[in-house]
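Below: one structure, written as structure tokens.
A, B, ... follow the sequence lines: proteins, then strands. Residue 1 opens every chain.
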Amino acid sequence: MSDPAQPEPVTITINGREHRAQVEPRTLLVHFIREQAGLTGTNIGCETGLCGACTVMLDGAGVRSCTQLAAQADGRSVTTIEGLADGDTLHPLQQAFWEKHALQCGYCTPGMILASLDLLQKNPDPSDQEVREALKGNLCRCTGYHNVVIAVRHAARAMAGAATAAGEA
Amino acid sequence: MLGEHEDAKLLAGGHSLLPMMKLRLAQPAVLVDIGRLPLAGVGTGSDGLTVGALTTHHDVATSAEVTGRWQAFAEAAASIGDPVVRNHGTAGGNVAHADPASDLPAALLALDGELVAAGPNGARRMPADGFFQGLLTTALSPTEVLTELRLPAQRPATGSAYLKFEHPASGFAVCGAAAVVELDADGRCARARLCFNGVTEVPLDAVPVTAALTGTDLDDSVIAEAVADCLRVEEPLADTFASGEYRTQLARVYARRVLRAARDRVRTAHDHTGGGAGG
């Protein structure tokens, strides 16, 4: 087998674009995203899986990108906060966070939005309590959780409305 | 490969091992990523439930088979971390890691679970009782890979539950309690199991409590008395968040709650509430 300390080739598709790099085996997915792909919207908080700031989607399911090696994501597909908007049209979650003032400093926001997306994929119409439980691993040190819950539920309604409109069209 | 490298560790979801490596509590020289082996999935048969080692906590917690018949195991999986952690953390990784503040070990023990490991000499099965040998230490040999968890079929009139007091920041179990209760035709306790995470280095099996409950009507006062008289915690864990005394007190409280919860599940399902208990 290869020398454990030698760089390994890793290919990860991020927001639809393939990124190839030789990385040290110790490289975390979040570092690959920020340093190899140059996408700095994904923030690094605690680096031990507790704060949720680094949450991204990996093959369609939310993951802590600080608790995953880049090598584990080799050949897989990642969506970050930069991949949510459709051109100039914000994703309903981004729009809702903006409209409902669901952020103060914004550091936790990318992780909050990706974890919310993970929730809405599993449960398109969550209660306040279900939103709070889904985001229990996403810490906001401005303690602005109240408007986050409002925003996620607002986005859920917007996405359900869009899905209905698409179905009728 | 595991035999060639003295200090190798297996990496499944990475949700236990990677944080430990960052904290320098583990410094393996070689990591072997087993995340793509075909070891994920839940199955049921006449002899019970099989959970592949790479099944995620999300898939365990949302499996209708598990939530319907092995409630304590499903509830333990559902209480791990948060939804995003449960997307990638695995049942086998959790158990093989043997963190005393983890959730699956006590549930596995209370439900009389078994573990299957593959090694150079083939596969072997071992009971959960005895698998956990100390802090982060199990009966697995360095060249073995945990492949499957097995839970025996639940007998009729049996219910189980898992409840925990979690650390408010990390979600780890300060005290997690798993109970299994089987009622006889008269609604009395035919058999009970009560096990804890978080309280001692290895999951605590409260045999004296459940022995005292066998044959009783399992009324709240009977449960409270058995817990008060028979629950013994030797060498409780202690840290800056929770002293040994505090964890022991939590164990008493959660023992009562989880035994009542398991009992009520059987009574609701089998309508033993009034009948036959006598005096």
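In this structure, chain A has a heavy atom under 4.5 Å from the side chain of His88(B), while its backbone stays farther away. Within the 4.5 angstrom heavy-atom criterion, only side-chain atoms of Leu11(B), from C-beta onward, approach chain A. Contact of Asp59(A) with chain B is not made at all, since no heavy-atom distance falls under 4.5 Å.
Looking only at distances, a side-chain donor or acceptor of Lys136(A) sits under 3.5 Å from a matching main-chain atom of Gly81(B). Between the side chain of Asn87(B) and the main chain of Ala61(A), no donor-acceptor pair closer than 3.5 Å is present.
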Give every donor-acceptor pair under 3.5 Å between a side-chain atom in residues 64-72 of chain A and any protein atom, sequence neighbours left out.
unit_1	atom_1	unit_2	atom_2	d
Arg64(A)	NE	Gly49(A)	O	3.0
Arg64(A)	NH1	Thr55(A)	OG1	3.4
Arg64(A)	NH2	Gly137(A)	O	3.2
Arg64(A)	NH2	Asp82(B)	OD1	3.1
Arg64(A)	NH2	Asp82(B)	OD2	2.4
Ser65(A)	OG	Cys54(A)	O	2.6
Gln72(A)	OE1	Leu69(A)	N	2.8
Gln72(A)	NE2	Ala12(B)	O	3.2

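The side-chain contact (heavy atoms from CB on, under 4.5 Å) search around Leu237(B) returns Pro100(B), Glu201(B), Arg247(B), not counting sequence neighbours. Residues satisfying the salt bridge (Lys or Arg N to Asp or Glu O under 4.0 Å) criterion with Arg17(A), sequence neighbours excluded, are absent altogether.
Note that CE of Met21(B) is 9.0 Å distant from CG of Leu28(A), once rounded to the nearest 0.5 Å. Between the CG atom in Leu23(B) and the OG1 atom in Thr48(A) there is a gap of 6.0 Å [rounded to 0.5 Å].
Listed in order of number, the residues of residues 80-94 of chain A that approach chain B to under 4.5 Å between heavy atoms amount to none.
Contact between Val84(B) and Ala115(A) at its shortest, heavy atoms only, is CG2-CB, 4.2 Å.
Side-chain contact between Arg26(A) and Leu18(B) is absent, with no heavy-atom pair separated by less than 4.5 Å.
If you tally non-hydrogen atom pairs under 4.5 Å between each of Leu139(A), Asp118(A), Leu114(A), Leu50(A) and chain B, the highest count goes to Asp118(A).
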